[in-house]
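The block underneath contains the structure these notes are about, expressed in structure tokens.
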Amino acid sequence: MSKTKVQDVDRSMYDFIKPEEGYERFEDGLTPEIVRAISEKKDEPDWMLELRLKGLKKYHEMSMPANWGPSIEGLDMDHISTYVSPKTEQASSWDDVPEDVKDTFEKLGIPEAERSYLAGVGAQYDSELVYHSMQDSAAKQGVVYSGIEEALHGPFEDMIREHFMKLVPITDHKFAALHAAVWSGGSFVYVPEGVQMEYPLQSYFRLNAKGAGQFEHTLIIVEPGANLHFIEGCSAPKYNVANLHAGCVELFVGKGARLRYSTIENWSKNMYNLNTKRSRIEEDGVMEWVSGSFGSHVSYLYPTTILAGDRSSCEFTGITFAGKTQNLDTGCKVILNGKDTKASVSTKSLSKDGGISTFRSSIVVNKHAENALATVSCQSLMIDDISRSDTIPAMDVRCQSASVGHEATIGSISDDTVFYLMSRGCSEDEARTMVVNGFANPISKELPLEYAAEMNNLIKLEMEGAIG
Amino acid sequence: MAEELLTISDLTAGTEDKTILHDVNLTIGRGESHVLMGPNGTGKSTLGHVIMGDPVYKVASGKIVFDGEDITEKTADKRSLAGIFLSYQAPVEVPGVPLYTFLRTISQMRPELKMTPKNFRKRVSELAAQLSIDEEFLGRDLNVGFSGGEKKKIEMLQLLLLQPKLAILDETDSGLDVDALSVVSRAISSYMSDYNGSILLITHNTRILEHVDVDKTHVMTHGHIVETGDASLIATIEQQGFESYEKEAAAELADEAEGAPEGADAVAEH
Ligand SMILES: Nc1ncnc2c1ncn2[C@@H]1O[C@H](COP(=O)(O)OP(=O)(O)O)[C@@H](O)[C@H]1O
Ligand SMILES: [Mg+2]
């Protein structure tokens with residue numbers, strides 16, 4: 001129970017900038033030359049270069065999303081560098097990571113987390129992974145956890161080719177096409193049949209460079225009967241120019257397998273976070289998403305689950321907190337294809353200081369999904385009266401025997417509650433923070449202890465208005 | 001009389017658009033027990049909330065001195081830390097905040113309690129046993145889905161944990177079954193005897209006073225304290241009700257409303 005208590009709050013934990021001297025940085029903008037140069041750096045197979053060029057072509061052909069969510073007009077690709085590298089080889093010991101980069105991850109608590117409760121860690125700094133390591137015990141069971149580019153040079157090339165941008169086709173939307181063209185870094189995870197991972201794996205993405213983009217690709221394959229908890233963390237220091245994150249996550253969950261994917265996203269408030277995450281679940285497989293969105297200026301984030309196999313199921317537990325200058329458009333999409341599939345979506349959204357938080361749920365039940373069951377519950381809390389929280393549910397049910405339910409509530413912090421807590425000694429701020437933490441508690445309960453503490457810390461920072 | 005702990009002088013207070021309390025004077029000495037009675041809707045709860053500092057109510061005139069300090073302008077948290085406790089007629093539910101975490105937070109705010117984690121665990125266990133609260137409740141969200149009786153017991157748990165100097169107990173006895181009533185009434189008497197606690201007890205029910213020696217009884221009607229006496233006043237009220245006081249207060253109200261004390265009705269009522 002002690003996890004909801006975070007004593008010291010220090011924004012410097014996220015908001016420090018390291019100089020980029022000596023870094024390799026590609027010129028801003030998007031041209032075939034830049035795409036070729038990225039591909040060349042990575043010495044990758046030809047099919048990948050072809051995919052990149054196709055992506056670039058699509059990117060130029062497709063128009064910007066119109067009439068969708070918050071404006072991204074402030075994002076000008078001509079002023080974004082798609083590739084910045086700290087010019088270091090990927091290390092498997094923190095001692096071999098350059099001092100400034102190592103210091104960054106130490107401040108974020110990554111090596112410590114690795115020592116205490118993770119089975120493996122990947123750390124990306126701008127466009128390149130700088131560290132990747134996994135415990136021997138997991139390696140012995142045949143688990144692969146490495147940089148995806150590294151994996152492309154080994155025996156898993158065919159498997160990657162078979163899955164890479166198959167769940168998220170490059171034509172999916174303009175930023176999927178962009179991702180295909182300039183992706184760099186990210187992790188590849190393979191959990192063989194029946195392997196139960198006792199401890200989570202974690203990849204952490206840090207974008208340090210000003211006016212740059214981060215385009216990591218995460219590909220996870222969990223074979224039948226296997227089990228994995230994967231944690232993704234992200235942060236960046238704040239700049240007064242736009243940064244872009246357009247990552248892509250593709251998750252394949254085999255028959256009877258289980259994958260939990262937890263994210264605490266804390267991008268800085270100059271970030272456009274246009275991220276795409278998708279998973280496909282086979283028979284009896286289970287997908288669990290736990291998602292905390294705190295940072296970024298504008299987010300488009302709608303993790304999608306395709307319940308392909310009969311009796312497969314998914315649970316989505318999410319929280320979005322939009323503070324000053326933030327417009328966070330998040331959501332969750334589930335497509336129920338198999339018989340007796342189950343989806344349960346439960347989300348909380350908060351807004352404060354003029355922030356806008358919109359949650360879109362989309363449930364699609366296809367005609368063969370007999371007896372499918374979906375429930376969606378969205379709760380919003382407005383912390384003041386200049387902020388906005390909306391929920392936009394969409395349901396498309398094509399199967400008569402399916403059952404779909406939705407409930408949404410919007411509330412504010414009641415004066416009675418604040419007075420009650422104050423009458424027991426809490427200051428007004430403490431009382432409000434306690435109510436907000438309580439509101440978020442069902443989500444933090446789903447996170448490992450340390451991440452729950454980080455989330456409470458972020459809530460506290462937001463409540464104090466300490467995040468500029 | 002014992003040393004003064006709470007002194008309310010000429011207090012007039014209410015909401016933005018309605019005066020609820022009129023010229024209230026009340027003094028409670030350290031270690032004393034006072035009972036406040038009166039018909040429904042006369043302002044008893046309002047008085048409790050105003051003493052605690054509920055911002056819903058505005059003090060139009062008068063002052064409240066607690067433990068030698070003028071607290072009229074102080075916020076509720078300051079009053080709480082100074083030693084005032086209000087047990088609510090309807091305790092508020094706070095989803096997502098486990099009772100145990102909440103208790104730890106509010107006890108840690110009071111360094112004088114010297115609550116090390118170990119002391120705290122032990123103390124909470126003892127109190128739960130004393131109040132017949134199943135320890136399973138400690139893991140549940142504060143007051144969420146608790147029955148009326150359970151909520152009142154949790155208020156008593158906080159009272160005994162925080163050991164305030166003054167406890168305002170607003171109908172802590174209402175809606176309790178016989179067993180719960182006896183638990184709560186023993187808790188109040190142990191608060192008074194173990195910590196030299198002082199109470200202002202708002203009640204309709206004298207059963208709760210079984211374990212408590214009453215020093216003073218006040219009767220409130222229409223926002224006025226119309227009578228103050230000793231414990232024997234309780235028996236009188238039990239027999240006669242509030243009718244005679246009501247008439248008096250109605251007269252006073254009429255005075256105020258018309259601003260003409262010579263008005264025929266007012267004179268007749270007197
Ligand atoms: N927050 C409030 N807003 C408006 N009217 C109130 C408020 N609080 C109390 N009142 C009114 O003041 C009067 C006294 O209420 P209360 O103090 O609850 O009475 P009691 O506790 O004696 O039954 C009632 O008429 C009640 O409706
Ligand atoms: Mg009342």
Side-chain angles (χ1 to χ4, degrees), chain A residues 1-8 292 317 319 321 346-350 377 379-381 383 407 409-447 449 452-453 455-456 459-460 463, chain B residues 48-49 51-57 74-88 90-111 113 117 120-121 124 138-144 151 154-155 157-159 161-162 164 167-168 170:
Chain A
M1 268 182 251
S2 63
K3 71 183 180 192
T4 47
K5 185 86 186 167
V6 176
Q7 296 288 1
D8 299 305
T317 313
I319 185 164
F321 194 148
S346 162
T347 68
K348 307 265 180 176
S349 65
L350 295 127
S377 148
Q379 287 183 291
S380 309
L381 185 67
I383 295 164
E407 62 171 70
T409 59
I410 295 190
S412 50
I413 301 180
S414 90
D415 293 341
D416 284 353
T417 308
V418 173
F419 173 59
Y420 181 75
L421 298 174
M422 286 180 75
S423 79
R424 300 295 143 93
C426 304
S427 70
E428 186 172 346
D429 278 353
E430 285 165 345
R432 289 177 174 275
T433 303
M434 192 180 277
V435 174
V436 170
N437 268 323
F439 180 75
N441 190 42
I443 320 290
S444 42
K445 264 199 210 148
E446 294 296 321
L447 291 166
L449 212 84
M455 193 173 107
N456 285 315
I459 289 174
K460 198 164 170 197
M463 290 303 289
Chain B
H49 279 244
I51 299 172
M52 193 72 242
D54 189 339
V56 164
Y57 304 106
K74 289 216 147 87
T75 52
D77 52 329
K78 299 279 171 6
R79 298 182 197 206
S80 166
L81 296 176
I84 303 180
F85 182 90
L86 170 66
S87 167
Y88 286 64
V92 175
E93 304 192 355
V94 192
V97 177
L99 175 58
Y100 189 83
T101 312
F102 174 68
L103 294 174
R104 197 184 45 219
T105 306
I106 60 175
S107 61
Q108 277 171 353
M109 285 167 172
R110 294 163 167 86
L113 296 177
F120 173 74
R121 266 196 307 276
V124 167
L138 300 171
R140 295 184 27 191
D141 291 352
L142 178 57
N143 292 330
V144 177
K151 285 181 182 167
I154 299 301
E155 296 285 279
L157 173 57
Q158 294 175 61
L159 170 69
L161 182 68
L162 302 182
I168 304 158
D170 191 356

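Model, not experiment: these values are computed from the prediction. First the proteins, then the strands, lettered A, B, ... as listed; each starts at 1.
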Using the side chain to side chain contact (heavy atoms under 4.5 Å, CB included) rule, take A:Glu428 and B:Thr75 through it: C-alpha gap first, then chi angles, then the decisive distance, then the call.
CA-CA 9 Å; A:Glu428 186 172 346; B:Thr75 52; over 6 Å; no
Residue part contacting chain A, namely of [X], when any heavy atom lies under 4.5 Å:
X        : answer
B:Met109 : side chain
B:Pro117 : neither
B:Ser87  : backbone
B:Val94  : side chain

Within this structure, what is the [atom1]-[atom2] distance for the pair [X] and [Y], rounded to the nearest 0.5 Å?
X        : Y        : atom1 : atom2 : result
B:Ile106 : A:Ser423 : CD1   : OG    : 8.5 Å
A:Leu421 : B:Leu142 : CG    : CG    : 7.0 Å
A:Tyr420 : B:Glu93  : OH    : CD    : 10.5 Å

Over 60° means perpendicular and under 30° means parallel, so tell me whether A:Phe419 and B:His49 are parallel, tilted or perpendicular.
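If you compare the ring of A:Phe419 with that of B:His49, the planes turn out tilted.
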Measure from the side-chain N and O atoms of B:Arg79 to the backbone N and O of A:Gly425, and report whether any donor-acceptor pair falls under 3.5 Å.
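Not at all, since once roles are kept as given, no pair shorter than 3.5 Å links the two residues.
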Write down the atom of A:Cys426, the atom of B:Asp77, and the distance for their closest heavy-atom approach.
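Nearest pair, atom of A:Cys426 first, then B:Asp77: O-CB, 3.1 Å.
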Considering all heavy atoms, the nearest B:Thr105-A:Met434 contact
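Heavy atoms of B:Thr105 and A:Met434 come nearest at CG2-CE, 3.9 Å.
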Structural part of A:Phe439 lying under 4.5 Å from a heavy atom of chain B
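Contact with chain B involves the backbone of A:Phe439 alone.
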When heavy-atom pairs shorter than 4.5 Å are enumerated against chain B, which of A:Glu430, A:Met422, A:Arg424 gives the highest number?
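Looking at each of A:Glu430, A:Met422, A:Arg424 in turn, A:Arg424 comes out on top.
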